[in-house]
Amino acid sequence: MTITEGTLRQTKLYPELIPDTWVGTITANAEVSPALLDVRRFASRVLELANIGVSRDDQVEARIRADTLRLSVVAGSLLDLEPNRFNITAKDYLRLTLWASAGKPDYREHHGVWVYQPTIAHKLKLGIPLTAEDQRVAREFNIAQTVAKGNIPLPISYLTEREYQVTSEETHGRSLTVSTTEQTIEMVRPVVPDEFLVLTRIACDPGTAAQNIRISLNRDDDANYLDELKTYPLSLDWGLSCFIPALSELNLRVIAAATVAGWNVRYTILRGKLTDTLRCRWGLMTREEAPGDVWDKVRGGIL
């Protein structure tokens with residue numbers, strides 16, 4: 001799949017980490033075109049490019065543009081296909097592509113993109129103009145002063161640990177015969193009232209480039225939310241990070257270009273309790289319905 005502006009418009013249960021994989025040919029002395037990732041005009045969203053993994057090769061460069069930042073990284077210096085530490089913020093433009101000094105057939109790459117709606121704290125940090133309502137909330141809770149101290153906005157990792165009341169973390173595993181007809185790996189649903197799900201990791205046998213095994217995901221009413229992730233860049237030895245919340249179901253599916261017996265897949269699901277903070281952030285509760293000042297604090301980035 002390729003993450004596009006259309007993909008970003010499907011995000012709503014913020015923050016979300018969308019994974020992507022790529023397999024293709026890099027022409028000698030040329031960048032991959034179209035780029036692996038090339039998005040702009042995010043509307044009200046902020047993006048963070050994360051977890052880039054590439055086949056280790058001294059003749060290949062990963063080239064990144066994020067707003068005014070430009071970065072080129074030699075693939076030979078990175079971990080071989082495992083996720084590397086990247087966390088690059090963009091509010092207007094984000095691009096990722098590959099370049100090689102020699103032709104590279106069936107080259108493998110993967111990455112992830114965090115997507116979220118900026119709180120008032122994020123807007124102050126990133127220089128995004130505040131609305132009149134933003135300014136009112138900022139004054140009421142002294143948000144500018146708290147941002148200046150460096151206390152907010154909270155990192156996504158801390159936010160998800162502090163605010164998500166996790167009731168269980170489950171690793172699911174399957175061994176399947178994959179065919180040219182799409183089949184369901186598993187459909188996971190909440191089991192108690194006010195429960196939500198989060199898909200956080202996918203690992204699997206990569207198969208071969210010719211077998212072209214692809215994983216897709218339906219999230220709630222979003223059909224093909226993840227559309228045909230190629231498994232060839234993946235492995236059972238580590239997991240492709242993602243963070244995809246769902247309110248009613250997660251439906252993982254798989255298809256291949258040829259029959260593959262004994263294909264193994266592993267994925268991790270969080271189950272959590274839906275709180276007022278998440279209801280406000282996810283648009284499930286209005287300001288009038290929220291208790292006290294919870295809605296304003298969520299908008300401000302204090303909660």
*Asks:* Output yes when a side-chain donor or acceptor of W282 lies under 3.5 Å from a complementary backbone atom of Y14, and no otherwise.
*Replies:* yes
*Asks:* Has D80 got a side-chain atom pairing as donor or acceptor with S55's backbone, closer than 3.5 angstrom?
*Replies:* no
*Asks:* Would you mind checking if R279 and E289 are paired as a salt bridge, meaning a charged N to carboxylate O distance below 4.0 Å?
*Replies:* no
*Asks:* So do the side chains of V60 and V54 get within less than 4.5 Å of each other, counting heavy atoms only?
*Replies:* no
*Asks:* Between Y116 and H122, does the ring centroid distance fall short of 6.0 Å?
*Replies:* yes
*Asks:* Can you find a side-chain donor-acceptor pair between S33 and E31 that sits under 3.5 Å?
*Replies:* no
*Asks:* Would you mind checking if R299 and D134 are paired as a salt bridge, meaning a charged N to carboxylate O distance below 4.0 Å?
*Replies:* yes
*Asks:* Sub-3.5 Å donor-acceptor pair from the side chain of N84 to the main-chain atoms of I52, do we have one?
*Replies:* yes
*Asks:* We want to know whether D220 and S248 form a side-chain donor-acceptor pair, criterion being a heavy-atom distance below 3.5 angstrom.
*Replies:* yes
*Asks:* Check the surroundings of atom CG in N29: do more than 12 heavy atoms from other residues, nucleotides or ligands lie under 6.0 Å from it?
*Replies:* yes
*Asks:* Less than 4.0 Å between a side-chain N and a carboxylate O, is that true for E140 and R136?
*Replies:* yes
*Asks:* Below 30° counts as parallel, above 60° as perpendicular, anything between as tilted: where do the rings of Y164 and F196 land?
*Replies:* perpendicular
*Asks:* Does the distance from a Lys or Arg side-chain N to an Asp or Glu carboxylate O, for D67 and K91, drop under 4.0 Å?
*Replies:* no
*Asks:* Using the rule side chain to side chain contact (heavy atoms under 4.5 Å, CB included), only one of L49, I64, I18 pairs with H111; which is it?
*Replies:* L49
